[in-house]
Amino acid sequence: MRVKEMIARNTRLPGQLLARTLFEGTPERVAPRLLGKLLVRRVGERELLAGRIVEVEAYLGPHHETPDPAAHSHRGPTPRNQVLFGPAGHAYVYAIYGRYFCMNIACEPEGRAGCILVRALEPVMGMEQMARNRGLPALEFREGHNRAFPPLPLERRKDGAPDLRMLAGGPSRLCQALGITRAAHNGLDLLDARSALQVRDDGFCAGRVRVTARIGIRHAAELPLRFCLDGHGCMSGPRQMRGLVMVLG
DNA sequence: AGGCCGATCCTCT
DNA sequence: GAGGATCGGCCTA
């Protein structure tokens with residue numbers, strides 16, 4: 001207990017943990033509520049990497065009334081996707097294309113397998129380490145901008161320096177930036193203060209949320225299950241995408 | 001046992 | 001905008 005408290009204090013994690021009930025709803029209900037939350041990676045006892053969730057996609061479990069053949073859980077439990085059928089709030093990390101990882105958050109009560117794919121983060125803490133993790137050149141910060149997040153460039157920089165959007169904009173880019181792997185992080189409880197990977201709330205209020213079709217899938221490609229902070233510079237995919245705008249209440 | 005293919009990213013045109 | 005890298009998981013035989 002003492003050790004846990006020391007870790008919690010020494011790392012000074014931003015914000016606070018979320019309630020598990022938030023994740024026990026259906027994925028299309030949970031997804032927009034994750035926008036603006038922080039995904040926090042603890043590295044050892046001191047280092048902290050964090051990004052604000054600006055884009056997510058919902059994937060519907062096999063019990064959902066709407067079939068979702070794009071979901072990994074669509075055909076029922078397998079050794080790979082078993083975390084999705086467990087309790088809400090746990091990380092499902094899988095490998096894709098032989099070289100990358102993607103991270104999901106399990107939703108719904110145990111036995112149901114809806115989930116949220118985290119697709120893009122706005123880097124908040126540890127940007128320099130994120131750039132190193134991504135194999136990008138060192139970031140250069142202007143005077144006074146090394147603490148607060150610098151303004152987002154909306155166009156690629158001409159000098160070849162990394163576009164800050166590219167640090168963690170994209171489901172595999174964000175895993176690379178935070179050092180998330182299947183071996184180390186699949187199954188972790190994101191709502192446990194001792195976990196190396198957590199979702200936390202620092203009070204940020206999501207404004208307008210854009211709802212569009214999901215990206216990069218073949219099946220059920222029309223379902224409006226992608227949610228992003230409208231117009232945010234760090235979202236992945238096409239800049240202008242057809243969709244509805246909702247305001248969270 | 002073998003084949004297919006993906007919730008991606010990067011490079012090049 | 002197109003194509004290649006690269007391999008684990010899942011399906012078929």
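Proteins get letters first, then strands, A, B, ... in listed order; numbering begins at 1 in each.
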Using a 4.0 Å cut-off on protein heavy atoms (strictly under), produce a 5'-to-3' string for nucleotides 2-13 of chain B with B for base contact, S for backbone-only sugar-phosphate contact, and - for none. ----BBBBS---
Give the C-alpha distance, both sets of side-chain angles, the deciding distance and a yes or no for salt bridge (Lys or Arg N to Asp or Glu O under 4.0 Å) between A:Asp202 and A:Lys37. CA-CA 7 Å; A:Asp202 69 344; A:Lys37 303 299 184 291; over 6 Å; no
Could you measure between the two P atoms, the one in C:dG1 and the one in B:dA7, and give it in whole Å? 22 Å
From A:Leu178 atom CG to A:Arg42 atom CZ, the distance as rounded to the nearest 0.5 Å: 14.0 Å
Output yes when A:Arg20 and A:Asp189 qualify as a salt bridge under the 4.0 Å nitrogen-oxygen rule, no when they do not. yes
Hydrophobic cluster identity match, A:Met235 and A:Met241, side-chain contacts under 4.5 Å: no
Centroid-centroid under 6.0 Å between A:His72 and A:Tyr94 rings: yes
Taking atom types as modelled and ignoring hydrogens, do the side chains of A:Gln129 and A:Arg132 form a donor-acceptor contact shorter than 3.5 angstrom? yes
Convert the base pairs of DNA chain B into dot-bracket notation, remembering that pairs crossing earlier ones are written with [ ] and that bases paired across to another strand are shown as |; include only Watson-Crick or G-U pairs under 3.5 Å. ||||||.|||||.
Write down the distance separating the P atoms in C:dT6 and B:dG2, rounded off to the nearest Å. 22 Å
Does the Lys NZ or Arg CZ of A:Arg214 fall within the cation-pi geometry relative to A:Phe227 - under 6.0 Å from the ring centre and within 45° of the axis? no
The reported gap from CG in A:Leu167 to CD in A:Glu122 (rounded to nearest 0.5 angstrom) is 11.0 Å
